[in-house]
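Computed from heavy atoms alone, side chains included, the values below leave out hydrogens, waters and symmetry copies. All of these numbers come straight from a predicted model, not from anything done at the bench. Chain letters run A, B, ... following the sequence lines, proteins first, then strands; residues in each count from 1.
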2 protein chains.
Amino acid sequence: MTEEEEFLAGYDPGAFPSVAVTVDVVALTIREGRLHVLLVERGGHPFAGWRALPGGFVQEETLDAAALRELGEETGLRPGEGELDRVHLEQLRSYGNPRRDPRMRVISVAYLAFAPRLPDPRAGTDASGAFWVPVDEAGELAFDHAAILADALDRARAKLEYTPLATAFVGEEFTIAELRAVYAAVWGEELHAGNFHRKVLSVPGFVESTGETAPRAGERGGPKPKLYRAGDARLLHPALLRPTREDGVR
Amino acid sequence: MTEEEEFLAGYDPGAFPSVAVTVDVVALTIREGRLHVLLVERGGHPFAGWRALPGGFVQEETLDAAALRELGEETGLRPGEGELDRVHLEQLRSYGNPRRDPRMRVISVAYLAFAPRLPDPRAGTDASGAFWVPVDEAGELAFDHAAILADALDRARAKLEYTPLATAFVGEEFTIAELRAVYAAVWGEELHAGNFHRKVLSVPGFVESTGETAPRAGERGGPKPKLYRAGDARLLHPALLRPTREDGVR
DNA sequence: TGAGTATTACTCGAACTGAGAACAACGTAG
DNA sequence: CTACGTTGTTCTCAGTTCGAGTAATACTCA
């Protein structure tokens, strides 16, 4: 036994202050042109009856795996069954205010999930119900979840600018107009169709043409749009700048 | 007693899986034109004798407070004593691989600290020594700290583009050339002096003139430069784009 | 069939960028 | 003290990108 092995064998984990660690997931999708977030209604205390972000305690798994597991439990989807695999998942940040949970010290690692239109969720084990809500109608949330949601929206809006994240909200094949609708929904403002078109096609690696066109035009007319799929770029250069941002944001 | 109070009174914190939570700090500063990171040499197991990021277990405090405390303990500086108050501190992300610490499940919340030139640190309680090391000479680190450092550098380099973060590396009053040296050190490439000057002054809220000039020119001549202080912008619009980034970074 | 709408392409002036030059102010080697 | 090299600052200029608007075309719906 080496000195280090000996040390580890005699190590007492209880000697350090212990806290609980949860993951909370801000899952975003777009429905009917509006950005929606997945919420659950809490069944038990604390905050019984309140809306909250889906989440739960971390088990013997990586943080990423915990987030994906929680998302699957709340939506009723399973990894390997298609839709959940196309979800883009990334860590947002951690929240550790000592009083954020009245039970005990709980540190939450928040995750951000972006998904194409998912089916309506069914209730998970830890919640009496889960549902998609437009982000501007989320209202008051349990714990500090309203602040987490606000941070998540900031992050999502910013990431649309310099990453191809928008492609995570649409299907495998999509039109430029669908992509533009994603930006409009997340940023909350319309974009100039012509300039958006030019810009998206000019950024290398953002989208690549499938060579095909959609079988049908939009609901209200117009030519059959061309189809694209996501390119291989991880960052957009140059970025798609958000319009009408005032000078010197503070 | 309300129903919720009753629930909380009978609540057993031990019922949930418990893990240890630490904060690790990636403290960056610039010395002699090179970007340095603060490292400690571990005194005890595991990884005795290895270099590591300064950090420790979270106590009854916010995560931000824990990071600031750890930074103070390793550098020997105390909050309220000037230099430590000008440090910019922000959360990087959390690392929770179940095997990242051989003792037990430890989740680490990593922080990023940017500071103007700090004095040489003196040893803290949990480390037999602390020192500034050029980031490209950090070498192998304990735990997953090398990965954390890499993520931190990515973040720092990116944030220089769209935030006034560079002002956190210089003194209260600084010259445009000092600011340019920060960008050069972090990005690892020289910038066109004239264009940088024009750009910095044109971004609203980045810097504001003090109306004064430095008492002395640089070591090797030149006119006395004008002095500036940080403006009130939190984001740079338009951003300072990093040069020579190839098309379609992937 | 006609009206309305949407995709896509094109135009034009304004703004921005990268590269370089010019100039004056300064430190230092000789 | 002088000459020279270095540096901060301002300008110029051509190429590129951006925002806003226009136009041609193709489709849906009534």
Side-chain angles (χ1 to χ4, degrees), chain A residues 33 160-162 170 173-184 187 189-204 206-228 236-248, chain B residues 33 160-162 170 173-184 187 189-204 206-228 236-248:
Chain A
L160 281 201
E161 290 196 72
Y162 60 95
V170 294
E173 299 195 341
F174 52 87
T175 68
I176 303 288
E178 285 172 337
L179 205 58
R180 179 160 46 84
V182 171
Y183 279 87
W187 284 350
E189 51 195 328
E190 293 307 314
L191 279 77
H192 185 292
N195 292 341
F196 183 83
H197 204 97
R198 175 182 60 187
K199 181 70 182 168
V200 166
L201 295 184
S202 76
V203 175
F206 191 4
V207 300
E208 56 186 37
S209 173
T210 66
E212 305 188 6
T213 66
R216 242 189 75 91
E219 296 275 313
R220 294 190 294 221
K224 289 179 187 135
K226 298 177 183 169
L227 287 176
Y228 298 83
L236 303 183
H237 283 285
L240 274 88
L241 293 183
R242 191 132 111 240
T244 62
R245 263 202 281 183
E246 328 299 279
D247 53 323
Chain B
L160 281 200
E161 289 196 71
Y162 60 95
V170 295
E173 300 196 341
F174 52 86
T175 69
I176 302 289
E178 285 173 337
L179 205 58
R180 178 159 47 86
V182 170
Y183 279 87
W187 284 349
E189 50 196 328
E190 293 306 315
L191 279 76
H192 185 291
N195 293 341
F196 182 83
H197 204 98
R198 174 182 61 187
K199 180 73 182 166
V200 167
L201 295 185
S202 77
V203 175
F206 191 5
V207 300
E208 55 187 37
S209 174
T210 66
E212 304 188 5
T213 66
R216 240 189 77 91
E219 296 275 313
R220 295 191 291 224
K224 288 176 187 138
K226 298 178 184 171
L227 287 176
Y228 298 83
L236 304 183
H237 284 285
L240 274 89
L241 293 183
R242 189 131 113 242
T244 61
R245 262 201 283 180
E246 327 300 279
D247 54 323

Give me each pair satisfying salt bridge (Lys or Arg N to Asp or Glu O under 4.0 Å) with a member in residues 212-226 of chain B, each pair once, sequence neighbours excluded.
none
What is the 5' to 3' range of DNA chain C, first to last nucleotide, that sits under 4.0 Å from any heavy atom of chain B?
C:dT17 to C:dT28
Can you list the residues that meet the ring pair (Phe, Tyr, Trp, His ring centres under 6.0 Å) rule with A:Y183, with sequence neighbours excluded?
A:W187, A:F196
The test is side-chain contact (heavy atoms from CB on, under 4.5 Å); show your working for B:F206 and B:L179 and say whether it passes.
CA-CA 11 Å; B:F206 191 5; B:L179 205 58; 3.9 Å; yes
Mind checking side-chain hydrogen bond (donor to acceptor under 3.5 Å, both in side chains) for A:R198 and listing every partner two or more places apart, or none if nothing turns up?
A:N195
Begin from the C-alpha positions of A:E161 and A:L241 and carry the test side-chain contact (heavy atoms from CB on, under 4.5 Å) through to its verdict.
CA-CA 6 Å; A:E161 290 196 72; A:L241 293 183; 3.7 Å; yes
A:H237 NE2 to D:dT17 P: how many Å, rounded?
14 Å
Looking only at heavy atoms, which two atoms of B:A217 and B:P223 are closest? And how far apart?
CB-O, 3.7 Å
For A:H237 versus A:P204, what's the shortest heavy-atom pair and its separation?
O-CD, 3.4 Å
A:E208: what forms a side-chain hydrogen bond (donor to acceptor under 3.5 Å, both in side chains) with it, not counting sequence neighbours?
A:R229
With sugar-phosphate taken as primed atoms, P, OP1 and OP2 and all else as base, the protein-contact string of nucleotides 18-30 of chain D at under 4.0 Å (heavy atoms; B, S, -) is BBBB----BBSS-
Residue pair A:L236 / A:L160: nearest heavy atoms and the distance that separates them:
CD1-O, 4.2 Å
For DNA chain D, what string of dots and brackets results from 5' to 3' when Watson-Crick and G-U pairs need both distances under 3.5 Å, crossing pairs get [ ], and pairs with another strand get |?
||||||||||||||||||||||||||||||
Set of residues satisfying side-chain contact (heavy atoms from CB on, under 4.5 Å) with respect to B:A193, sequence neighbours excluded
B:R180
Distance check: side-chain N/O of B:H197 vs OP1/OP2 of D:dG8, anything under 4.0 Å?
no
